[in-house]
Amino acid sequence: MTRLDATFYRRDVLEVAPELLGKKLVRKWPDGQITEYLITETEAYRGTEDLACHASKGLTPRTRMMYEPGGVLYMYLVYGMHWMLNIVTAHDMEPQAALIRATETVSGPGRLTRHLALDRTFNGEDLLTSARIWVTDNGFRPEYTSHPRIGIDYAGDPWKNKPWRYILSL
DNA sequence: GTAACGATCCTC
DNA sequence: AGGATCGTTACA
């Protein structure tokens with residue numbers, strides 16, 4: 001049960017996103033309680049070319065965390081009500097992130113952040129040093145399947161068809 | 001300023 | 001199938 005380090009996150013998101021499956025998202029609450037959530041579904045968003053990735057719009061106040069070195073969180077609001085939890089990957093000025101879509105007990109990216117009480121105050125949070133959220137490796141290397149990403153049809157071909165959504169098998 | 005649009009979820 | 005709900009972005 002060791003906290004994942006910089007070398008894990010500072011690689012291409014197409015490697016990191018599937019490898020996050022089976023890892024444990026750890027949340028330490030204000031009262032000191034700690035709860036763990038097995039990650040079961042992720043999606044990769046990769047660079048300025050990927051028209052489904054917010055970074056395709058360039059470096060803006062909203063997207064700037066994605067340009068940080070891997071290991072920090074990128075939080076943003078969609079549809080005026082749901083916060084999305086993204087883990088930034090790759091190196092400085094290489095905008096990539098893995099969206100955490102579900103855990104073993106909570107399905108859906110919006111429901112997950114509501115359950116874990118994650119919002120804008122976690123934008124830029126550093127998973128390498130944070131005392132309230134981090135990810136641990138238990139040595140589990142699960143099988144997984146790949147699928148097109150959800151809710152990004154507007155990105156058009158070929159991006160809407162990239163099999164960059166990863167689901168833990170069983 | 002103004003307007004259009006979501007990396008979703010819930011209820012009909 | 002449709003509504004909720006608001007920050008971000010682009011454009012005038």
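Not measured: the values here are computed from a predicted model.
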(request) Spell out protein contact along nucleotides 3-12 of chain B as letters: B when the base is contacted, S when just the sugar-phosphate is, - when no protein heavy atom is under 4.0 Å; keep the 5' to 3' order. (result) ---BBBSS--
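- Residues A/Tyr166 and A/His147 bring no donor and acceptor atom of their side chains to less than 3.5 Å of each other.
- Checked against A/Gln96 for a side-chain hydrogen bond (donor to acceptor under 3.5 Å, both in side chains), the options A/Thr89, A/Asn86, A/Thr48 give a single hit: A/Thr89.
- Using the Watson-Crick or G-U wobble rule with both distances under 3.5 Å, B/dA7 pairs with nothing in any strand shown.
- Following rounding to the nearest Å, A/Met65 (CE) and C/dT8 (P) show an atom-to-atom distance of 12 Å.
- The partner of C/dT5 is absent, by the rule that a Watson-Crick or G-U pair needs both atom distances under 3.5 Å.
- Applying the 6.0 Å contact sphere to CZ of A/Arg3 captures more than 12 heavy atoms from other residues, nucleotides or ligands.
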(request) Apply side-chain hydrogen bond (donor to acceptor under 3.5 Å, both in side chains) to A/Thr40 and A/Glu104, showing your working. (result) CA-CA 6 Å; A/Thr40 57; A/Glu104 198 171 27; over 6 Å; no
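- Pairing each heavy atom of A/Arg132 with each of A/Thr121, the nearest pair is NH2-O, 2.8 Å.
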